[in-house]
Undergrad: 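There's a structure below that I have some questions on.
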Amino acid sequence: MTVYFIGAGPGAPDLITVRGLKLIENCKVCLFAGSLVPTEIVEAAPSDALVMDTAPMHLDQIIEEIQKADADGLDVARVHSGDPSLYGAIAEQMRRLDEMGIDYEVVPGVPAFAGAAARLKTELTLPEIAQTVIVTRTSGKASSMPEHETLEILGQSRATLAIHLSIRNLKYIEETLSPYYGEDCPVVVIYRATWPDEQIIQTTLQDMRADVRAAKITRTALIFVGRVFDAKGFKDSELYSADFAHVLRNKGKKKDRTKTKGQAAEAE
């Protein structure tokens, strides 16, 4: 048997990958993070499949269910939200499976920040504005941040920030980032991006706490910070410039080496 760690995407049921959905449709055991994965996705499991919400379960209980499936020779769809490689808590599960000799695979999914950017119809990297996206979080109840990955350090980059799991740390975010980004720097707070009850707050570092408080958002929100969110007169990318040549488009930059059959014959 095989355990498939499947990224279900940011929320909209049709944003799961074709591979991920097909695996769910064929696995006789489906363990899913119920608080973050839409029920429509796991409803695709076989009618006789064991489908369990792991939100109220701890690690030992989850591993126990996988061991039972292993004993019965049943494949397991272990469904996580977004992309499982980001804050998916799959590393400790895979470590346990390694110890027990149970085979597993990872199926990528659309990460929350990509789904949120799509809803905003924005590009997170703009020429001469920002060419780096930092996906991070702040210290919380679950775990602290490594000392070399704090916002005091990351903020110095002035890159586009996608801050997860931090809606309760807005004061810290504002005070730490304002010296680098400016108090008027655009902030977008997205609650449950791509879900039916999605909320989008477009604000600034200095106003975000008041705006989020007014919206009564206390969980499941992503915080974007960066100048890309109000950039208007940014430079066009060179990629599609008529004056820019590359291996697939070299007109005007390199000698035309194509010849008609007649020209080739004359050359001979």
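Note that these values count all heavy atoms, side chains included, but never hydrogens, waters or copies made by symmetry. These figures come from a predicted structure and were not determined experimentally.
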Undergrad: Just to verify, which of L126, V133, L120, T125 counts as forming a side-chain contact (heavy atoms from CB on, under 4.5 Å) with V228?
TA: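 Among L126, V133, L120, T125, the one that satisfies the side-chain contact (heavy atoms from CB on, under 4.5 Å) with V228 is L126.
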
Undergrad: Counting N and O atoms only, with roles assigned by atom type, does the side chain of Q156 sit under 3.5 Å from a partner on the main chain of E152, one being a donor and the other an acceptor?
TA: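 Yes, because the side chain of Q156 sits within donor-acceptor range (under 3.5 Å) of the backbone of E152.
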
Undergrad: Got a donor-acceptor contact below 3.5 angstrom from the S166 side chain to the N169 backbone?
TA: no

Undergrad: Looking at every non-hydrogen atom in both residues, tell me the closest pair between S178 and E183 and how far apart they are.
TA: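 Looking at all heavy atoms of both residues, the closest pair is OG-CG, 3.9 Å.
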
Undergrad: Should V79 and V29 be regarded as members of a common hydrophobic cluster, given that ILVMFWY residues are connected when their side-chain heavy atoms come within less than 4.5 Å of each other, either directly or indirectly?
TA: no

Undergrad: Between E92 and R95, is the closest basic N to carboxylate O distance under 4.0 Å?
TA: no

Undergrad: Under a single-linkage definition using a 4.5 Å side-chain heavy-atom cutoff for Ile, Leu, Val, Met, Phe, Trp and Tyr, are V110 and V107 assigned to the same hydrophobic cluster?
TA: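 Shared cluster, no.
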
Undergrad: Can you tell me if R227 has over 12 outside heavy atoms packed within less than 6.0 Å of its CZ?
TA: yes

Undergrad: State whether the side chain of R96 and the backbone N or O of D60 hold a donor-acceptor pair below 3.5 Å, judged by distance alone.
TA: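 No, the answer is negative, given that no donor and acceptor are paired below the 3.5 Å cut-off.
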
Undergrad: Would a distance-only check, ignoring hydrogens and angles, find a side-chain to backbone donor-acceptor pair under 3.5 Å from T160 to G226?
TA: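 Checked: no pair found.
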
Undergrad: Strictly distance-based, threshold 3.5 Å: is any side-chain N or O of S139 a donor or acceptor partner for the main-chain N or O of M145?
TA: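 Yes; judged by distance alone, with no hydrogens or angles, the pair exists.
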
Undergrad: Kindly indicate, with the supporting measurements, whether the criterion side-chain hydrogen bond (donor to acceptor under 3.5 Å, both in side chains) is fulfilled by D207 and T204.
TA: CA-CA 5 Å; D207 295 328; T204 62; 3.2 Å; yes

Undergrad: Can you say whether the rings of H164 and Y87 are parallel (under 30°), tilted (30 to 60°) or perpendicular (over 60°)?
TA: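 Tilted, since the angle between the ring planes falls between 30° and 60°.
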
Undergrad: Please check if atom CZ in R209 has more than 12 non-hydrogen atoms from other residues, nucleotides or ligands closer than 6.0 Å.
TA: yes

Undergrad: R158 side chain to Y180 main-chain N or O, any donor-acceptor pair under 3.5 Å?
TA: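 Yes, because the side chain of R158 sits within donor-acceptor range (under 3.5 Å) of the backbone of Y180.
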
Undergrad: Are Y4 and I102 connected in the hydrophobic side-chain network, where two residues link if heavy atoms are under 4.5 Å apart?
TA: no

Undergrad: Measure across A159 and T132 and return the closest heavy-atom pair with its distance rounded to 0.1 Å.
TA: CB-O, 3.3 Å

Undergrad: Has E198 got a side-chain atom pairing as donor or acceptor with T194's backbone, closer than 3.5 angstrom?
TA: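 Looks like yes, one N/O pair under 3.5 Å.
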
Undergrad: Using a cut-off of 6.0 Å, state whether more than 12 heavy atoms not belonging to D197 lie near its atom CG.
TA: yes

Undergrad: When you measure from the side chain of Y191 to the backbone N and O of T218, does any donor-acceptor pair fall under 3.5 Å?
TA: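 Between the backbone of T218 and the side chain of Y191 there is no qualifying donor-acceptor contact (under 3.5 Å).
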
Undergrad: Test I63 against M100 for side-chain contact (heavy atoms from CB on, under 4.5 Å), laying out the working first.
TA: CA-CA 10 Å; I63 296 300; M100 295 183 292; 3.4 Å; yes

Undergrad: Kindly check if the number of other-residue, nucleotide or ligand heavy atoms within 6.0 Å of CD (E99) is above 12?
TA: yes

Undergrad: Cut-off 3.5 Å, no hydrogens considered: what does the side-chain donor-acceptor table look like for residues 21-28, sequence neighbours left out?
TA:
from	atom 1	to	atom 2	distance (Å)
N26	ND2	K22	O	2.7
K28	NZ	D48	OD2	3.4

